[in-house]
2 protein chains.
Amino acid sequence: MHPSTVSRALDPARRGRIGEPVVRRILEAAERLGYRPDTVAASLRSGRSNMVGIIVPDIANPVFSPIIGGLEDVLSARGYALIVADPQPQRTGADDIVQRLVARRVDGLVLANVALKDNSIERCLSWKVPVVLVNRAEAEARVPSVVSDDVAGMRLAVAHLLELGHRHILHLAGPQMLSTGSLRRRGFVEAMHEAGFTPADNDIEEAEAFTREAGRAAALRLLARQPEATAIVAANDLLALGIYEALRETGRRCPEDLSVIGHNDMPLVDLVDPPLSTIRISHREMGEQTGQLLLDLIEGVRGDAPYVVTAPLLVVRRSTQPPRISR
Amino acid sequence: MHPSTVSRALDPARRGRIGEPVVRRILEAAERLGYRPDTVAASLRSGRSNMVGIIVPDIANPVFSPIIGGLEDVLSARGYALIVADPQPQRTGADDIVQRLVARRVDGLVLANVALKDNSIERCLSWKVPVVLVNRAEAEARVPSVVSDDVAGMRLAVAHLLELGHRHILHLAGPQMLSTGSLRRRGFVEAMHEAGFTPADNDIEEAEAFTREAGRAAALRLLARQPEATAIVAANDLLALGIYEALRETGRRCPEDLSVIGHNDMPLVDLVDPPLSTIRISHREMGEQTGQLLLDLIEGVRGDAPYVVTAPLLVVRRSTQPPRISR
DNA sequence: TTGAAAGCGGTACCAT
DNA sequence: ATGGTACCGCTTTCAA
């Protein structure tokens with residue numbers, strides 16, 4: 001039979017232009033022969049690969065894996081495959097990876113790497129590859145992005161502590177080169193201002209990484225400087241767990257001596273001791289939204305560059321309580 | 001210039017057959033023009049795509065994400081891209097996904113889905129796609145696999161408890177349709193036998209899933225049946241955390257009333273209350289080994305089907321202690 | 001060591 | 001509504 005006809009019959013979108021019985025016969029034959037269209041050949045000719053790449057700093061990070069999951073879900077439902085790439089700083093930079101993915105003709109790219117400054121975005125822009133940022137925003141907003149509303153999240157955290165009666169609230173910030181680190185710091189300051197407080201520089205300490213160990217070290221510095229404070233807002237849960245360690249080391253108890261609130265609501269923080277109060281972010285949903293956005297972009301449904309912001313949720317557990325009446 | 005020459009000059013493997021100065025000129029020109037070879041066209045002609053697919057049941061599962069990470073690492077170092085696919089049971093079966101990946105001409109496939117019986121393996125075998133299983137073994141061993149040594153792991157757990165003085169040890173097993181569930185149950189029984197004990201059927205209870213909730217429910221059943229026991233070996237950490245909940249509900253304390261040991265050493269189990277003793281499995285390393293194995297298979301370095309077994313490690317924390325002398 | 005030619009397996013475009 | 005044809009961009013085989 002005639003190749004063009006077969007090609008059309010097999011593509012649901014173009015099937016309409018073909019006679020019913022012909023389509024049926026072709027489908028039947030394809031089934032019988034176990035025919036599988038070759039995606040590679042199709043890509044070569046059509047220029048579309050039906051593949052999307054995602055660049056993540058660390059697949060095992062509990063923040064990124066649900067994002068990948070949600071993204072994959074949306075993509076595969078529309079026939080796209082997802083390539084994950086995990087740049088090894090010692091080997092390949094992020095923008096080398098962009099090149100490799102573009103060489104594979106991916107139809108779009110998701111950037112989940114959190115560095116505030118890197119030129120992967122420029123690379124994509126100059127190659128005209130549809131891109132969306134996830135869990136990371138860009139100041140200029142040249143590119144669509146999906147992020148949690150960090151200001152709102154910080155507002156929730158601050159409001160919660162204020163309501164409990166805390167007045168001297170500290171912030172354990174994340175690295176300021178990372179998008180979430182700086183966004184949340186800004187969110188904290190803004191939320192405090194809205195509530196009528198002006199956090200001093202001394203009330204904020206920056207951790208060198210989003211890890212327990214860095215959180216512990218930074219918390220030690222912060223607590224030494226501000227022993228009077230009654231509560232800390234951490235820029236993420238790992239940092240909050242680091243605060244736990246610092247408290248234990250300095251003989252303080254949470255929440256009796258100090259209330260601690262995290263950010264992300266990562267798995268198992270409800271089981272640590274004490275169960276961590278935190279701000280829940282639905283990373284999986286962010287992944288899904290990212291997928292939708294990217295597919296719309298790829299398929300030209302929308303030309304603008306929306307800036308999706310998802311709403312966070314306060315989760316109160318047992319690491320926050322009213323400050324002691326003492327003093 | 002002449003396409004074949006360029007092609008050869010750009011491929012490090014075939015560069016030797018080309019004159020030095022020519023190679024230099026070509027490389028220079030390629031650089032200057034920003035030339036990127038088109039991977040898709042290359043795939044079409046050569047039949048190799050330099051892509052590998054992995055099928056996982058759940059990307060966000062702390063067991064699978066490090067496996068993916070290790071795998072991606074090894075693959076990308078050798079120029080392969082990794083496609084992750086996450087079958088949605090309600091939408092696409094695992095072997096439909098295999099088909100889709102094969103249509104994309106993946107050079108190899110990693111199966112991380114844990115069901116003991118499914119026909120993806122047959123599919124791959126009949127299509128002659130190189131496959132390796134990870135975190136899952138096959139009874140017939142027709143296909144190479146990378147698994148943790150569950151018998152050894154259980155032996156470590158049992159030996160540890162025995163050494164502490166426990167004599168009545170229970171097992172909270174995982175679902176027996178899953179590879180790890182049945183392997184670990186077998187490992188437990190075997191380890192007990194080696195130590196001179198014969199666990200009764202009554203000493204083992206099967207959880208319906210590898211979740212905290214299923215662990216809690218199963219633990220409740222098991223404890224009601226065997227109130228005299230002093231220790232439980234759980235088939236994984238999540239199940240062990242479920243046991244914690246069951247203990248709390250029934251007014252028992254861990255480790256005073258009952259020692260609990262998990263399996264996997266997933267992130268944060270060192271921070272729960274009490275810190276969980278467990279068997280550490282290096283999932284990332286398993287991912288790396290899987291990558292090596294698959295690449296060897298793809299590139300024909302080895303024709304046999306090795307069965308890689310990685311060694312687990314006992315991690316003692318605070319959920320295990322000697323049984324009470326009472327009674 | 002280099003050049004020439006022939007496709008890989010589809011899809012897009014044009015003709016009918 | 002269907003058939004014909006060119007061609008996507010590279011690799012491979014064969015010839016020079």
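Note that this is a predicted model, so its numbers are computed, not measured.
A salt bridge is absent between Asp38(B) and Arg104(A): the closest approach of a Lys/Arg side-chain nitrogen to an acidic carboxylate oxygen does not fall below 4.0 angstrom. Using a cut-off of 4.0 Å between Lys/Arg side-chain N and Asp/Glu carboxylate O, Arg24(A) and Glu28(A) are scored as not salt-bridged. Taking the charged nitrogens against the carboxylate oxygens, Arg48(B) and Glu299(B) have no contact shorter than 4.0 Å, which rules out a salt bridge.
Inter-residue side-chain proximity for Arg136(A) and Thr180(A) is flagged as unmet; no heavy-atom pair is nearer than 4.5 Å. Put simply, the side chain of Ile83(B) does not reach to within 4.5 Å of the side chain of Leu82(A), judged on heavy atoms.
Contact annotation for Arg15(A): no contact, since no heavy-atom pair falls under 4.0 Å across all strands. Note on Ile18(B): only backbone sugar-phosphate atoms sit closer than 4.0 angstrom, heavy atoms only; bases stay farther off.
A straight line from CZ of Arg104(B) to P of dG9(C) spans 18 Å, rounded to a whole angstrom. For the pair Arg25(B) CZ and dT2(C) C1', the interatomic distance rounds to 12 Å; values are reported in whole Å.
At its two ends the helix from dT1(C)-dA16(D) to dT16(C)-dA1(D) runs along axes set 30° apart, each axis drawn from five pairs and the angle rounded to 10°.
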Under-3.5 Å N/O pairs linking protein and nucleotides 13-16 of chain C:
{"from": "dC13(C)", "atom 1": "N4", "to": "Arg8(A)", "atom 2": "NH1", "distance (Å)": "3.2"}

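Between Val146(B) and the choices Ile67(B), Asn135(B), Thr290(B), the side chain to side chain contact (heavy atoms under 4.5 Å, CB included) rule is met once, by Thr290(B).
Positionally, the nearest nucleotide of DNA chain C for Gly19(B) lies more toward the 5' end than for the other of Ala41(B) and Gly19(B).
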